[in-house]
Number of protein chains: 2
Amino acid sequence: MAKHTTSEAGRPKTIEPRLRQELEELVAEMCKALNEPKRLMVLYALAERPRSVGELAAYLDAPQSNTSQHLAVLRDRGLVDVERRGNRVIYSLRYPKVIAAIDLLREVLNEEIGRQHQLRSA
Amino acid sequence: MAKHTTSEAGRPKTIEPRLRQELEELVAEMCKALNEPKRLMVLYALAERPRSVGELAAYLDAPQSNTSQHLAVLRDRGLVDVERRGNRVIYSLRYPKVIAAIDLLREVLNEEIGRQHQLRSA
DNA sequence: CACGAATATACGCCAGTACGAATGTCCGTG
DNA sequence: CACGGACATTCGTACTGGCGTATATTCGTG
């Protein structure tokens with residue numbers, strides 16, 4: 001393991017970049033769960049109410065296996081709750097804050113689209 | 001300003017999935033800009049103050065070309081502003097809301113980490 | 001105008017990932 | 001306990017994205 005070269009310089013105001021990198025890694029991992037349109041649709045669908053896999057597959061107009069794969073990603077990231085109900089498996093949204101975060105990004109998107117439109121018409 | 005998506009009572013609760021898919025595609029594109037630790041670090045660094053490419057490269061402890069590539073992604077997504085100052089190019093954060101969104105995800109991350117810890121100790 | 005510093009881009013390589021098809025697993029029912 | 005339905009997982013393939021190396025571009029300076 002390579003040691004840090006300048007570890008004894010005075011403490012900078014920002015935290016050690018190495019640690020910072022690992023921290024951001026975790027956030028990035030969470031963002032990776034959100035960079036897929038179908039997964040976003042799933043999250044919004046679950047924000048309304050819990051749904052079964054088949055329901056979500058129909059909603060996405062995607063094959064069952066594909067839907068299950070996307071749900072597995074969200075499950076591994078801990079973004080959804082799972083509950084077995086008889087023959088089916090019901091998924092639900094665990095953190096409403098995730099929707100709030102995406103909504104914020106959507107607002108930014110709106111501003112940006114307006115900006116681009118403004119540039120074109122100038 | 002940003003229009004409020006008032007949940008109009010007469011409308012169907014969900015919009016056409018086809019259109020919805022395209023909308024989410026755009027949001028997903030924006031998330032793709034955030035799913036890279038170094039890009040997140042860049043955004044936070046720019047949230048403090050505008051910085052040049054060399055400065056950011058040093059901060060990331062990454063080669064110049066790599067830094068430029070990441071900046072190109074942020075630039076293409078419209079998340080940063082660019083200004084040429086003499087020999088250098090100064091980047092700055094365009095939308096503070098992006099930081100707010102990431103902070104929200106960070107909160108979710110904290111809850112999730114606490115949750116996992118709790119599960120392990122049970 | 002030649003030169004060097006700062007930044008951007010092109011290219012090839014490798015890892016990661018979404019997808020469909022096929023298969024495995026769990027559950028309720030007859 | 002055999003069968004079918006709902007869901008999960010595996011596998012091979014095609015695509016995408018990040019990286020380093022090398023090269024191009026832009027600008028200040030002598």
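Order of the sequence lines fixes the chain letters, A, B, ..., with proteins taken first and strands second; residue numbering starts at 1 for each chain. Quantities reported herein were computed from a predicted structural model and do not represent experimental measurements.
The pair B/Arg49-B/Glu55 counts as a salt bridge, with a side-chain nitrogen and a carboxylate oxygen less than 4.0 angstrom apart. B/Arg94 has a carboxylate O that lies under 4.0 Å from a charged side-chain N of A/Glu112, or vice versa, which qualifies the two as a salt bridge. Between A/Arg106 and B/Glu24 there is a salt bridge, since a side-chain N of the basic residue sits under 4.0 Å from a carboxylate O of the acidic one.
With rounding to whole Å, A/Glu36 atom CD is found 17 Å from C/dG16 atom P. Taking atom CE of residue B/Met41 and atom P of nucleotide D/dG18, one finds them 16 Å apart after rounding to whole Å. Rounded to whole Å, the distance from CG on B/Leu60 to C1' on D/dG18 is 13 Å. B/Asn66 has its CG atom 9 Å from the P atom of D/dG18, to the nearest Å. Regarding B/Lys32, its NZ atom lies at a distance of 11 Å from the C1' atom of C/dT17, rounded to whole Å. Look at CG on A/Asp76: it is 8 Å from P on D/dT9, rounded to the nearest Å. Taking atom CG on B/Asn35 and atom C1' on C/dA18, their separation rounds to 14 Å, with Å as the unit. The separation between A/Gln64 atom CD and C/dT25 atom P is 15 Å, rounded to whole Å.
Contact annotation: B/Arg84 side-chain N/O to D/dG28 OP1/OP2 distance is not under 4.0 Å. Contact between the side-chain N/O atoms of A/His70 and the OP1/OP2 oxygens of C/dT17 is not found at any separation under 4.0 Å. Considering only side-chain N and O atoms, B/Tyr91 lies nowhere under 4.0 angstrom from the phosphate OP1 or OP2 of C/dA6. At the phosphate of C/dA8, neither OP1 nor OP2 sits under 4.0 Å from any side-chain N or O atom of B/Arg88.
Residue contacts for A/Arg85: at a heavy-atom cut-off of 4.0 Å it reaches no nucleic acid atom on any strand shown.
Between the side chain of B/Gln69 and the base of C/dA8 there is no donor-acceptor pair of N/O atoms closer than 3.5 Å. Within 3.5 Å, a donor on the side chain of A/Asn87 pairs with an acceptor on the base of D/dG5, or the reverse.
Both cation-pi conditions hold for A/Arg51 and A/Tyr59: the charged atom is under 6.0 angstrom from the six-membered ring centre and inside a 45 degree cone around its axis.
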(request) Begin from the C-alpha positions of B/Tyr91 and B/Leu74 and carry the test side-chain contact (heavy atoms from CB on, under 4.5 Å) through to its verdict. (result) CA-CA 10 Å; B/Tyr91 282 81; B/Leu74 296 174; over 6 Å; no

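Residue B/Ser52 has its side chain nearest to C/dT7 when only D/dG18, C/dT7, D/dC7 are considered.
Closest-nucleotide positions on DNA chain C for B/Glu55 and A/Ser65 were compared, and the one nearer the 5' end corresponds to B/Glu55.
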